[in-house]
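I have placed the structure first, in the form of structure tokens, so that the comments after it can refer back to it.
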Amino acid sequence: DTEVTQTPKHLVMGMTNKKSLKCEQHMGHRAMYWYKQKAKKPPELMFVYSYEKLSINESVPSRFSPECPNSSLLNLHLHALQPEDSALYLCASSQVGARLAGVTDTQYFGPGTRLTVL
Amino acid sequence: KQEVTQIPAALSVPEGENLVLNCSFTDSAIYNLQWFRQDPGKGLTSLLLIQSSQREQTSGRLNASLDKSSGRSTLYIAASQPGDSATYLCAVYAYSGAGSYQLTFGKGTKLSVIP
């Protein structure tokens with residue numbers, strides 16, 4: 001099983017709403033990632049969890065709050081978002097993650113959640 | 001800071017033609033390079049991964065090469081088909097500072113194969 005699943009596929013929310021994105025993998029990977037992708041742009045890294053600990057936060061606003069309850073699950077909690085936060089949010093996982101040098105660490109991506117903020 | 005550039009930004013070819021997509025990166029100290037495919041509004045599908053010690057990888061009609069010293073990679077697609085139409089992204093995995101390693105993506109090449 002080389003699948004990363006993401007729910008929901010689509011999400012429309014108002015600026016005062018609180019919602020969460022969910023990502024799951026059962027490949028035994030110990031690193032999980034959140035990326036944001038705007039239309040016609042490459043994915044931009046937001047957060048990296050390695051062994052359930054946050055290892056990278058790419059200066060993301062606090063209205064995005066990641067959570068890694070266990071090694072298979074990654075959440076992104078959303079609160080008070082702005083219309084410019086509308087994007088495709090991609091989750092990925094890899095075997096060992098960001099802190100081990102020289103390891104071929106393929107990232108497997110989920111299908112993404114299309115978020116629209118009104 | 002690592003920068004990845006892909007040329008051309010868009011490419012349109014007739015079905016059956018062979019084609020080459022180009023990727024260049026500024027810092028040759030990479031661990032691996034990946035080529036991804038992305039269909040509109042969808043996630044990324046990994047096509048090929050080349051480790052820094054390798055020169056090329058092949059999968060079916062796809063062949064990717066890597067010249068780490070010159071900071072270049074190419075993705076060769078043989079006998080193109082309409083189903084190959086998608087955006088192709090190149091990404092390098094390298095040290096990004098503070099004990100961390102990251103994938104840095106190019107902006108992609110949008111490929112259209114005309115029947």
For this session: Pick one of side chain, backbone, both or neither for B/Leu89, based on which atoms fall under 4.5 Å of a heavy atom in chain A.
Result: side chain
Problem set entry | Which portion of B/Gln6 sits near chain A, non-hydrogen atoms under 4.5 angstrom | neither
Problem set entry | Modelled atom types, side-chain donor and acceptor of B/Glu56 and B/Tyr76, under 3.5 Å | no
Exercise. Do A/Ser20 and A/His77 meet the criterion of a side-chain donor-acceptor pair at a distance under 3.5 Å?
Worked result: yes
For this session: For residues A/Cys91 and A/Tyr33, determine if any side-chain heavy atom of one lies less than 4.5 Å from a side-chain heavy atom of the other.
Result: no
Problem set entry | Side-chain heavy atoms of A/Lys36 within contact of A/Val60, under 4.5 Å | no
Exercise. Can you name the residues of residues 110-118 of chain A that have some heavy atom under 4.5 Å away from a heavy atom in chain B?
Worked result: A/Gly110, A/Pro111, A/Arg114
Seminar exercise, completed: In short, B/Val4 meets B/Thr104 closest at the heavy-atom pair CG2-O, 3.5 Å
Problem set entry | Worked check of side-chain hydrogen bond (donor to acceptor under 3.5 Å, both in side chains) between B/Asn63 and B/Ser65 | CA-CA 7 Å; B/Asn63 176 277; B/Ser65 68; 5.4 Å; no
Problem set entry | Ring geometry between B/Phe105 and B/Phe36 (parallel below 30°, tilted from 30 to 60°, perpendicular above 60°) | tilted
Seminar exercise, completed: Checked B/Ser52, B/Gly106, B/Gly108, B/Ser46 vs chain A; the most non-hydrogen pairs under 4.5 Å come from B/Gly106
Seminar exercise, completed: Checking A/Ser72, A/Ser93, A/Ser71 against A/His29 for side chain to side chain donor-acceptor pair (under 3.5 Å), the one that qualifies is A/Ser93
Exercise. Which region of A/Gln107, side chain (C-beta onward) or backbone (N, CA, C, O), has a non-hydrogen atom less than 4.5 Å from a non-hydrogen atom of chain B, or is it both or neither?
Worked result: both
